[in-house]
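Both ligands and their constituent atoms are indexed starting at 1 by order of listing. For clarity, every value in this text was computed on a predicted model and none was experimentally measured.
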Amino acid sequence: NSKENNKNGYSFYQFSMGDETERNILLVNDLRKAVLKNELFLLYQPQYHMLGKHIDGVEALVRWNHPKYGVISPLEFISLAEKYNIIDELGEWVLKTACIQFNQWKKDGLILDNIAVNLSKKQLLNPNLIVRIRDILKETHFNPAHLTLEITESATVENVAEITEVLHKIRDMGITIAIDDFGIEYSSLSYLKLLPIDYIKIDRAFINEMEQNAKSEGIVKLIIEFANQLNLDVIAEGVETKYQADMLKQFECEKLQGYYISPPIKSSELKEFVFDKVKI
Ligand code: C2E
Ligand code: MG
Ligand code: MG
Ligand code: MG
């Protein structure tokens, strides 16, 4: 086992394939208690609005501060939470915490347009989802116009009819819907047209290759043009370089998210960041 530093300033515990099963069993047990034990926390990644030249929103990203292993990435525990039916409770905690934090920023004089929260496919297929979202918004006195729910493109590929119906209900509540990790999954353009969505988030794999690979850059340009045709807005994910930001501006991408703007940061760091941010 080794620790690997990532740009979030946290070191994620890495494990080898051999001890994965044992570790997973331990993690699942601990994860059930993690919400109650207050071990989960959120980081917030700023989103830069190109035309407005300012940070207009954030994406909430969950972390787990495990008592033994330290901070664990959602890439590891979200799939476990889905598999072992912990995802609904976890997802509700994330949504509620994000709404409360957004309100707190407002009290502190930091006004944002939007906070985005990720929903897993499993949550979308839970018949209680709509009621739970409505309850949380009510409890936290949260205006749904400021909330975006992100669902991965892969979550929409199967159960299209069911997912479409849920998304309609979410959207009817006044919530914005974004398709996350767009472009990596095969989904036909004609059915995307049917989904009730507002935003496309271009997967960072394409953004990452823009400078080295003309085809990837072409795909990014095409996704933005395609989104415009369908009256959808676009966020580019994983923007890391000035070159990428410049090209995305030229392609008229609405928003940027990535280390070039900022890594995910703590709630307490956001206000200073937003007011100090040099215009790009
Ligand atoms: P995502 O929703 O696509 O979130 C973006 C991920 O890309 C985040 O990873 C973020 O830290 C990372 N990222 C942002 N900018 C850059 C960049 O410039 N370069 C690179 N290399 N990476 C960048 P993170 O926080 O580890 O989250 C991974 C995934 O876990 C998320 O991908 C999302 O699918 C899932 N996730 C995170 N929080 C939640 C949650 O509360 N609920 C659910 N269901 N899933 C979550
Ligand atoms: Mg996301
Ligand atoms: Mg993504
Ligand atoms: Mg547009």
Side-chain angles (χ1 to χ4, degrees), residues 4-14 31 34-35 39-48 57-65 71-99 101 114-126 129 132-133 136 147-156 176-185 197 199-211 223 234-245 248 255-266:
E4 185 186 290
N5 274 310
N6 93 344
K7 283 211 175 168
N8 301 342
Y10 291 96
S11 47
F12 288 135
Y13 184 93
Q14 297 284 302
L31 190 53
V35 173
E39 290 169 1
L40 299 180
F41 65 100
L42 298 182
L43 293 181
Y44 301 90
Q45 187 170 34
Q47 297 176 332
Y48 183 81
V58 291
E59 176 176 6
L61 295 158
V62 69
R63 302 288 182 263
W64 178 14
N65 191 7
V71 178
I72 302 180
S73 158
L75 294 174
E76 184 174 4
F77 65 85
I78 291 294
S79 59
L80 288 179
E82 288 187 315
K83 195 167 161 197
Y84 294 95
N85 295 318
I86 312 171
I87 192 68
D88 293 319
E89 197 189 343
L90 191 155
E92 285 170 21
W93 180 87
V94 170
L95 179 60
K96 191 171 174 180
T97 305
C99 290
Q101 183 58 59
N114 195 262
I115 188 160
V117 170
N118 293 282
L119 275 192
S120 86
K121 178 178 181 169
K122 199 87 184 272
Q123 286 176 276
L124 279 174
L125 296 174
N126 180 341
L129 177 71
R132 290 304 296 138
I133 293 175
I136 290 169
L147 178 64
T148 297
L149 292 176
E150 298 191 359
I151 56 162
T152 58
E153 184 187 12
S154 59
T156 66
T176 299
I177 296 171
I179 297 284
D180 208 349
D181 303 344
F182 184 81
I184 47 169
E185 207 57 40
I197 57 176
Y199 260 101
I200 284 177
K201 297 189 78 172
I202 307 176
D203 192 78
R204 70 165 189 259
F206 297 105
I207 307 299
N208 187 36
E209 288 174 356
M210 283 174 78
E211 195 161 0
I223 293 175
V234 184
I235 304 183
E237 283 196 301
V239 180
E240 293 184 355
T241 67
K242 179 167 176 10
Y243 176 86
Q244 292 160 359
L248 288 161
K255 291 197 202 186
L256 305 188
Q257 190 180 333
Y259 299 157
Y260 183 67
I261 308 296
S262 167
I265 56 178
K266 289 190 233 156

Original post:
Is Lys201 paired with Glu153 through a side-chain N to carboxylate O contact shorter than 4.0 Å?
Top reply: no

Original post:
Rounded to the nearest 0.5 Å, what separation is found between the CG atom of Asn126 and the NZ atom of Lys121?
Top reply: 14.0 Å

**OP:** Just let me know how Asp181 lines up against ligand 1, side chain, backbone, both or neither, with a heavy-atom cut-off below 4.0 Å.
**Re:** side chain

**OP:** Heavy-atom contacts with Val94 under 4.0 Å: which atoms of ligand 1 show up? List them by number with element.
**Re:** 41 (O)

**OP:** Would you indicate which of Leu42, Asn118, Val62 comes nearest to atom 33 (C) of ligand 1 when only heavy atoms are counted?
**Re:** Asn118

Original post:
Which is it for Asp180 and ligand 1 at heavy atoms under 4.0 Å: side chain, backbone, both or neither?
Top reply: side chain

**OP:** Return yes if some donor-acceptor pair links the side-chain N/O of Lys255 with the main-chain N/O of Tyr48 below 3.5 Å, else return no.
**Re:** no

**OP:** Classify the contact between Ser120 and ligand 1 as side chain, backbone, both or neither, using a heavy-atom distance cut-off of under 4.0 Å.
**Re:** both

Original post:
Judged by atom type as modelled, is there a donor-acceptor pair below 3.5 Å linking the side chain of Gln257 to the main-chain atoms of Ile235?
Top reply: no

**OP:** Looking only at distances, please establish whether an N/O atom of ligand 1 is found under 3.5 Å from an N/O atom of Arg63.
**Re:** yes

Subject >> Residue pair Phe206 / Gly183: nearest heavy atoms and the distance that separates them >> reply: CZ-O, 3.2 Å

**OP:** Give a yes or no on whether the backbone of Ser120 and the side-chain of Gln123 come within a donor-acceptor separation of less than 3.5 Å.
**Re:** yes

**OP:** Look up atom CD1 in Ile115 and atom CG in Leu95, then write down how far apart they are to the nearest 0.5 Å.
**Re:** 9.0 Å

Original post:
Is Glu59 close to ligand 1, meaning an N/O of one under 3.5 Å from an N/O of the other?
Top reply: yes

Subject >> Name of the Glu59 atom (N/O/S only) found closest to the Mg ion (ligand 2) >> reply: OE2

Original post:
Counting from 1, what ligand 1 atoms have a heavy atom of Glu240 closer than 4.0 Å?
Top reply: 17 (C), 18 (O), 19 (N), 20 (C), 21 (N)

**OP:** Please round to the nearest 0.5 Å and tell me the distance separating atom CG of Asn114 and atom OG1 of Thr176.
**Re:** 6.0 Å

Original post:
Looking only at heavy atoms, is any part of Arg204 under 4.0 Å from ligand 1, and if so is it the side chain, the backbone, or both, or is it neither?
Top reply: side chain

Subject >> salt_bridge(Glu92, Arg132) N-O dist < 4.0 Å >> reply: yes

Original post:
Counting no waters, what protein N/O/S atoms lie under 2.8 Å from the Mg ion (ligand 3)?
Top reply: Asp180 OD1, Asp181 OD1, Glu237 OE1, Glu237 OE2

**OP:** Would you tell me which option among Leu75, Ile72, Ile78 has the nearest heavy-atom contact to atom 28 (C) of ligand 1?
**Re:** Leu75

Original post:
Gly91: heavy atom below 4.0 Å from ligand 1, yes or no?
Top reply: no

Original post:
How long is the span from the CG atom in Leu147 to the CD1 atom in Ile177, to the nearest 0.5 Å?
Top reply: 10.0 Å

**OP:** Would you check, one step at a time, whether the test side-chain hydrogen bond (donor to acceptor under 3.5 Å, both in side chains) holds for Asp180 with Thr152?
**Re:** CA-CA 4 Å; Asp180 208 349; Thr152 58; over 6 Å; no

Original post:
Do side-chain atoms of Glu150 reach the backbone of Ala116 as a donor and acceptor pair under 3.5 angstrom?
Top reply: no

Subject >> Under-4.0 Å heavy-atom contact with ligand 1, by part of Gln45 that carries it >> reply: side chain

Original post:
Taking N or O atoms only and a 3.5 Å limit, does Thr152 qualify as a polar contact for ligand 1?
Top reply: no

Original post:
So, Glu211 versus Gln244: side-chain donor-acceptor pair below 3.5 Å or not?
Top reply: no

